[in-house]
Structure formats: C-alpha cells, structure tokens
Asks: 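Please see the structure below; I have some questions.
Values reported hereafter were calculated over all heavy atoms of this structure, with side chains retained and with hydrogens, waters and symmetry mates removed. We name chains A, B, ... by the order of the sequence lines, and we start the count at 1 in each one. These numbers come from a predicted model, not from an experiment.
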Protein chains: 2
Amino acid sequence: MASKVTIYDIAREASVGIGTVSRVLNNHPSVTPETRKRVKDVAIRLDYQPHTYAQRLARRQSETISAIIPFFTNYFFIEVLQGVQDKISQLGYDLVLYGVNNIDQVDSYISRALQRGKVDGILFFSMRLPERMISRLKETKLPMVLVDTLSPEFDSISVANAEGAYAATTHLIELGHRSVGMVNAQLVSAPAVERLQGYKRALESHGISYSESLVKSGTNNKADGFNREAGYEAIMEFINNGSEMPKAFFVSSDIQAMGVIAALSEKGFRVPEDVAVVGFDDIELARHIKLTTMRQPMYQMGVLAIERLVTRMSNPDMEILHTTFSPTLIVRESCGALRRNQN
Amino acid sequence: MASKVTIYDIAREASVGIGTVSRVLNNHPSVTPETRKRVKDVAIRLDYQPHTYAQRLARRQSETISAIIPFFTNYFFIEVLQGVQDKISQLGYDLVLYGVNNIDQVDSYISRALQRGKVDGILFFSMRLPERMISRLKETKLPMVLVDTLSPEFDSISVANAEGAYAATTHLIELGHRSVGMVNAQLVSAPAVERLQGYKRALESHGISYSESLVKSGTNNKADGFNREAGYEAIMEFINNGSEMPKAFFVSSDIQAMGVIAALSEKGFRVPEDVAVVGFDDIELARHIKLTTMRQPMYQMGVLAIERLVTRMSNPDMEILHTTFSPTLIVRESCGALRRNQN
DNA sequence: CACTTGTTTGGAAGTGCTTCCAAAAGATGT
DNA sequence: ACATCTTTTGGAAGCACTTCCAAACAAGTG
C-alpha cells in the first residue's frame, strides 16, 4: 500500500519539527535554505507523498471541480471537455465527472456535489438547470458556471447563435443565392430561436424579403428537433407541399443537415450543385461529409469556463458575467464555394 | 460554506455521544431504534452533510476511481464511459477523469493517481501502458484495469477482434461473395493483426483461398492507419494497380470504411450494388451512413471494467483476468443484405 | 439476589495534514 | 555586555470524521 510515509517520519529523520516540514513542502518562505534542503532531501529519500484528503481537510478546500454533463449529446461536450481538462490540470485541480445519462440523475448529482467541502466549484453543461435546484445552489454559495445553457442567476459561457446564423446565411447570399431557406429545430429551444433571428436579419440586411414558406421549424418532432430525422422530414415536406425548392439552405445543426442532404439526394438534388447547404456546430461528422458549417470554439469555451470558475471562486461577489463566443464559418464543399473558386 | 454542521452538533442536540451519531449515520447495527430515530431526526433538522474528506481520511479509503483516457480517440471511449459512469455512481464512487490530450501527460496523470490514498483504483484506456510505469504501479499495489488495451500484468477488458473479423467476413461470404477483400490498418497495432487473422480464418473455413493481393494493410500511413485517409488510399491503390476489384470488403474500422466508400463512389462503384462493405466498431457515424459493421458492446465493457476493478479491490490476490467481449454484427445497407431480402 | 452474559453507549485516540502561537536563535545597535 | 528587533523553529490545536475500548446498563440464570 504505497509509502505510508508521513510528515512525522520526515521530521524525525531530518531532526526538525513537523511545522517546519509542512512549511518546506508548501514553499513557505520562512525556512532557512539549509533546513529546506535537508528536509527536501529526506522527503525524496523516503519517497514521501502527501495525503490528499488530509490536506483537503486541513486546508478546508478541495482543489476539485465537478462537471455535470449530459452524455447523450455527445459531440459538443467532448471537445469542450478537452479545454476544461487542460486548464484544470494546469491549475492542479481534479475533475470529477458526473455524466448524466438520464435527466433524473441531475438532482442527485447536484446534491452530491453540494456535500460540504466536496468541490470548490461546479460546471453545468447544456441542460436546463432545474428550478428547484437554483435556490439550493444559491444558498450554498458554491461557485457554478453554466456552459451552453443560461440562467440569469449564474455565470455562463455560450455561443452567439444569432450572429452565427447571420454569418452562415450571409455566406450563402454572397455566393449569389437570393432564395435561401432555413431548416430549424423547434422554437422551444433557445438556440433555435436565436438562429432564426440571425437568419432573418441576414436576409434583411441584404435586401431580401423574408418568406415564411422558406422556413421549416421542426414541428411535432420528438425531442427538440436537433436530430437527423427532423432534417430529413423538413425537406420531404418541401417536396410534398410542392413549394418551390430554395437553391440554398441554412440548417440549424449539422446533424439535421445530414438528414437534409440525405433527403435531397434521395430526391435527385445534387449538393451543392442544385442545392447548397450550410450547417451549424462543426461536429466531427461535418468534416467527413464535407459540410460547410459554423464552428463553435468548443475547446476555448472549456478553457474559459474553468477560468471563469476560478475567478468566481476567488471573488464570490463579482457581478454575474455572461460570455458568448462567436462561431466561425468553416467552408467545405456543401455550400459550393470551393468548387466555384478553385476548379 | 454550506451547513458547517458536524457530528458534534448532532451529538449535543440529540444528547448522545459522537460515537453513537457516527454509528447511526453509518447504519451500524448496535444502536437502539429509539436512539437511532432521535439522532436521524436531528441530523435532518440541522441539514447535516458529512464532510467527504474527513470521512476518507478516517476510513482510509477514497471511494474514488480515476480513469485515464485518451481524448483523441473519441468515439469509442465515450460510450464506454457511459457504462463506467452508471456503474460507478450506482456503487457510490466518484469518478475523477484524467483526459489525455497528449501522450506525454500519461506519466504525470499516473503519478497523480498514485498519490497515497487518493484513489482506490484506476481504469486505463486504449493506450500502451508505458513500460517504466509498470513496476511503479505494481509496487503500489493500486488496483488497475486496462480497457481496450493489454498487458500481462493487469486485468483487462477488450474485444475479440479475430472473432469479430471472422463474423464480418463470413457475413459477406454468406451473401454469396467468393471474392472478399480486406482493408486493414497497420500491423503494428494488435487489433489489426487479430482482425486479419479472423478474416483469413473465415475464408479458410468456407473453402476460399487467401490471396494477398486482396488485402491492403495500411502502409507508411500516418499514425496506426485507423483513419479515413488510409481507407481512401487503399481503394485507390487497388484501382491504380489495375488489380481486380473484389465485390466485397471487410474494412477494419468504420472510419476507414468511410474513406473506402468515398473512394469507391468517386470511381463510379456503387455501394452495395457493385461492392459490398462491412466495417468494425459501430461508431455513431456508422448509423448515419448506413454502414454494416461489427458492434463492440462498449457500454457493457464500461460496466464490466468497474465491476472487475471493485472485485480486484476487495480481492487483491485474485488471479489476473483478461476478458474479451464478442462483437455483434449490425446489418445495415452497405453490405447489400437488406436490399436483397426486403425490397 | 449475586453473578454472568450480552447489548448499548460515551469518548479518547487515531487519520495526516495546516496554522497559529510562543519560544529560541540570530542579528543589530549602543 | 546587554537590550531590542527580526527571523526561524517546534509543536499544540484544529480540521471532521471512524473505531476501539471500557463503562454502563439490561437481561438472563441458578
């Protein structure tokens, strides 16, 4: 079982008091260089390892941050997590992960994180924060940062959806399209609403009038409509309604765009020759299917989330901050831009 | 912050000793029902939360498991992690995650996990365990289970690669193909070698002679050859060499299969009409591109990994166990089986 | 009723650190 | 040489629990 060497052993071997040992190990200044060296040498010789939990108990802080993330969303959070991980380990904190497979687990995980002294802060991802938890959270004063979701009560890091939609739509317009449709998710989702706004604004500022017939906002589809089937069905509706098929589509997520493209090619439309498509998210998949899309700076969002959290920890009364990142346009083949310019 | 209520507060309020409080909270039997109730009521009234780290210090165990996983592999581990998470939280353990973005981090994470008393066990994923770490790990006697990787010194959970390859190849043969090619990754990778064996064995047991010209084992490709480009180039080589194009391919990973399919369709081969394709892994992507593939029971692997770890923890001298799971065939459209049978 | 046995209880000791306080040791000035 | 100030040091107390031991109590026995 590991070393079992304590500071008492070191103190004895180095003929000093335990206080001095502790000071050396924590780089406290008031120790003479000679004593410092003697203690350090002994520590190394005995292969001393501090006992994490004794430290945490005595120091009254956990050096731990817990992240509550939905495991069913996949793509997005995994990249954010990379940023979180890098920053967190750079700061010497530990990351305890509560992966939510089922929305009912949220409460129990929050409670666990709330155990006295257990974690110094929480990162809460992508899910609606349960109302009944908000007051509890506020009471305990445990620092928390929301990522990819919002609440007026807590700091948050998210993405400028409207702005991204604006850029995506503008890109299509600048490629010469005057008839740009949108395939959206359901308007119960905040991002969906914002992306629609961005789309409208882009049309407007380019002097194109908005036409409701060119927009499909996911209907009674299961979940929030951010899925492949929803995209597929949206296109099928266009065709079945006999409405005019736009020459270009802004689709509110990459995964829906997959469905859109599948439906289009099934019906004999070539992408991008007949219909251009731009998605949103830049999930891993997008690269493989050469989808032009709006990239969210997921890694940086993770890094910033941790930075914000530690700032909040050392400064509990700081004003609440909401940061939104700007997505960037990633041009691949599905929008037709490359073909036009290159070959 | 939080409550700050300790067992001393409870003891005073309930007029009992701290020992009794502790016994009640830990469901120790020797407490009379009346006392038990009295203490419990007080605990609830005061909103008592045990201090995790004080418990861990006193109990001399951490109730924590750490997982060291590569973040660059994506697909696979994320699903395994779901199983890990569910099982771990069912057991009341915490999961501390060390996500490796860069192979150099491995050593430092192992060292961190090795801090005395910090974790009760380690899960090590998908990477080659650094030689120099093995002896350290052995010395500390910290229980560890390898997932998706092997070492004779530690328990492991992995997948029966040969068997899966056998099943995939057999499936193609049973669909009537006598000329089945294989696109493999580089033979430096253990799974690649095993999958090749399974492929050969399948041919053999169906009386088809093995032909080297039908197999492309990733060449000087970057990394281990489990990537999209490798698949793409393999097909291009077939075409450039002017060798006969098999009517069916077993490809050693889904991501390579993506490249294979892209190359084929670029060259005018329809999948599955002209060439049937079966992959390996069943990553998320596979469903979207309707790829027939071998599914690894990732979730269960995660669950089992934790089960094995706790078994090992409570039974340190148990013989080392290597478990391999059997992959199962998931039939989608890329192999041509559905088309044949249904429409 | 005294004696044994068994159950329940209180609290000291132990877990391995950090931190505070007072004492010891050095440095400085006269 | 002594008084004063500063730096360095030892170790008690505290962090919040678990566990062990002995004491207290209850119950059973001849």
Side-chain angles (χ1 to χ4, degrees), chain A residues 1-40 42-43 46-64 92 94 114-120, chain B residues 1-40 42-43 46-64 92 94 114-120:
Chain A
M1 287 291 155
S3 18
K4 283 265 173 227
V5 182
T6 72
I7 53 170
Y8 287 87
D9 301 316
I10 299 183
R12 195 177 350 94
E13 291 281 315
S15 319
V16 296
I18 55 162
T20 304
V21 175
S22 177
R23 265 168 241 131
V24 170
L25 297 173
N26 292 294
N27 294 313
H28 188 93
S30 77
V31 181
T32 49
E34 303 83 67
T35 326
R36 180 179 300 281
K37 175 160 188 352
R38 191 148 41 92
V39 171
K40 271 199 167 141
V42 173
L46 301 186
D47 188 27
Y48 170 77
Q49 306 265 57
H51 188 114
T52 317
Y53 301 118
Q55 289 182 317
R56 292 184 182 175
L57 178 59
R59 288 182 183 156
R60 257 145 293 178
Q61 52 156 310
S62 67
E63 281 141 344
T64 295
D94 273 340
L114 251 35
Q115 292 216 1
R116 182 164 40 114
K118 178 126 174 212
V119 303
D120 293 342
Chain B
M1 311 292 144
S3 20
K4 284 266 174 225
V5 182
T6 72
I7 53 169
Y8 287 87
D9 300 317
I10 299 183
R12 194 176 352 94
E13 291 281 315
S15 319
V16 295
I18 55 161
T20 303
V21 174
S22 178
R23 264 168 242 130
V24 169
L25 297 173
N26 292 294
N27 294 314
H28 188 94
S30 76
V31 182
T32 50
E34 302 84 67
T35 324
R36 180 178 301 281
K37 174 157 187 355
R38 191 147 43 92
V39 171
K40 271 198 167 143
V42 174
L46 300 185
D47 188 27
Y48 170 77
Q49 305 266 59
H51 188 115
T52 317
Y53 300 119
Q55 290 182 317
R56 291 184 182 175
L57 178 59
R59 289 181 182 157
R60 256 145 294 174
Q61 51 155 311
S62 67
E63 281 141 342
T64 295
D94 272 340
L114 251 36
Q115 292 215 3
R116 181 162 41 111
K118 178 123 174 216
V119 303
D120 293 341

Asks: Measure from the side chain of B:H51, starting at C-beta and using heavy atoms only, and say which of C:dG16, D:dA16, C:dC20 lies closest.
Replies: D:dA16

Asks: According to a strict under-4.0 Å criterion, is B:R116 in side-chain N/O contact with OP1 or OP2 of C:dC17?
Replies: yes

Asks: Quickly work out the A:L25 CG to C:dG16 P distance and round it to whole Å.
Replies: 15 Å

Asks: Looking at A:R60 and D:dG14, is any side-chain donor or acceptor paired with a base atom of the opposite kind under 3.5 Å?
Replies: no

Asks: Is a donor-acceptor contact shorter than 3.5 angstrom present between the side chain of B:R12 and the base of C:dG11?
Replies: no

Asks: Could you tell me whether the phosphate oxygens of C:dC17, OP1 or OP2, come under 4.0 Å of any side-chain nitrogen or oxygen in A:Y48?
Replies: yes

Asks: NZ of A:K118 versus C1' of D:dC17: gap in Å, rounded?
Replies: 15 Å

Asks: May I ask you to evaluate whether B:S30 reaches the phosphate of C:dT7, defined as a side-chain N or O under 4.0 Å from OP1 or OP2?
Replies: no

Asks: Can you check whether any acceptor in the base of C:dG16 is under 3.5 Å from a donor in the side chain of B:R56, or vice versa?
Replies: no

Asks: Name the nucleic acid region contacted by B:T52, choosing base, sugar-phosphate or nothing; use a 4.0 angstrom heavy-atom cut-off, strictly under.
Replies: nothing

Asks: Indicate, yes or no, whether a donor-acceptor pair under 3.5 Å links the base of C:dG16 to the side chain of B:R59.
Replies: no

Asks: Between C1' on D:dT9 and CZ on A:R38, what's the gap in Å once rounded to a whole number?
Replies: 11 Å

Asks: Taking B:R60 for its side chain and B:A58 for its backbone only, find out whether a donor-acceptor pair lies under 3.5 Å.
Replies: yes

Asks: For a side chain to side chain donor-acceptor pair (under 3.5 Å) check, start with the C-alpha distance between B:T64 and B:D94, then their side-chain angles and the critical distance, and finish with the verdict.
Replies: CA-CA 5 Å; B:T64 295; B:D94 272 340; 4.7 Å; no

Asks: Look at A:T35 and D:dT9 and indicate whether a side-chain polar atom (N or O) is within less than 4.0 Å of OP1 or OP2.
Replies: yes

Asks: Of the nucleotides C:dG11, C:dG16, C:dT18, which one has an atom closest to the side chain of A:I7?
Replies: C:dT18

Asks: What integer distance in Å separates A:Q115:CD from D:dC17:P?
Replies: 10 Å

Asks: Does C:dG16 have OP1 or OP2 under 4.0 Å away from a side-chain N or O of A:Q55?
Replies: no

Asks: Report the residue (A:A58 or B:G17) whose heavy-atom-nearest nucleotide on DNA chain C is the more 5′ of the two.
Replies: B:G17

Asks: So, is B:T32 near the phosphate of C:dT9, with a side-chain N or O under 4.0 Å from OP1 or OP2?
Replies: yes

Asks: Could you pull out the closest heavy-atom pair between A:G117 and A:S62, with the gap in Å?
Replies: O-CB, 3.4 Å

Asks: Nearest whole angstrom, please: distance from the P of D:dT18 to the CD1 of B:I18.
Replies: 10 Å

Asks: In Å, rounded to the nearest 0.5 Å, how long is the span from CD1 of A:I7 to CZ of A:R23?
Replies: 10.5 Å

Asks: Nearest-Å distance, CD (A:E34) to P (C:dG26)?
Replies: 11 Å

Asks: Does B:G19 or B:L57 map to a spot on DNA chain D nearer the 5' end, using the closest nucleotide for each?
Replies: B:L57

Asks: Within this structure, what is the CD-to-P distance between B:Q49 and D:dC15, rounded to whole angstrom?
Replies: 19 Å

Asks: When all nucleic acid strands are considered with a 4.0 Å heavy-atom cut-off, which category describes B:Y8: base, sugar-phosphate, or nothing?
Replies: base

Asks: OP1 or OP2 of C:dC17 less than 4.0 angstrom from a side-chain nitrogen or oxygen of A:S22, does that happen here?
Replies: no

Asks: Report the residue from B:L25, B:T20, B:V31 that forms a side chain to side chain contact (heavy atoms under 4.5 Å, CB included) with B:R36.
Replies: B:V31

Asks: From the set D:dC20, C:dC17, D:dC17, return the single nucleotide nearest to any side-chain atom of B:A54.
Replies: D:dC17

Asks: Would a 4.5 Å heavy-atom cut-off, applied to side chains only, mark A:Q55 and B:Y53 as touching?
Replies: no

Asks: What is the distance from NE2 of A:H28 to C1' of D:dT9, rounded to the nearest Å?
Replies: 11 Å

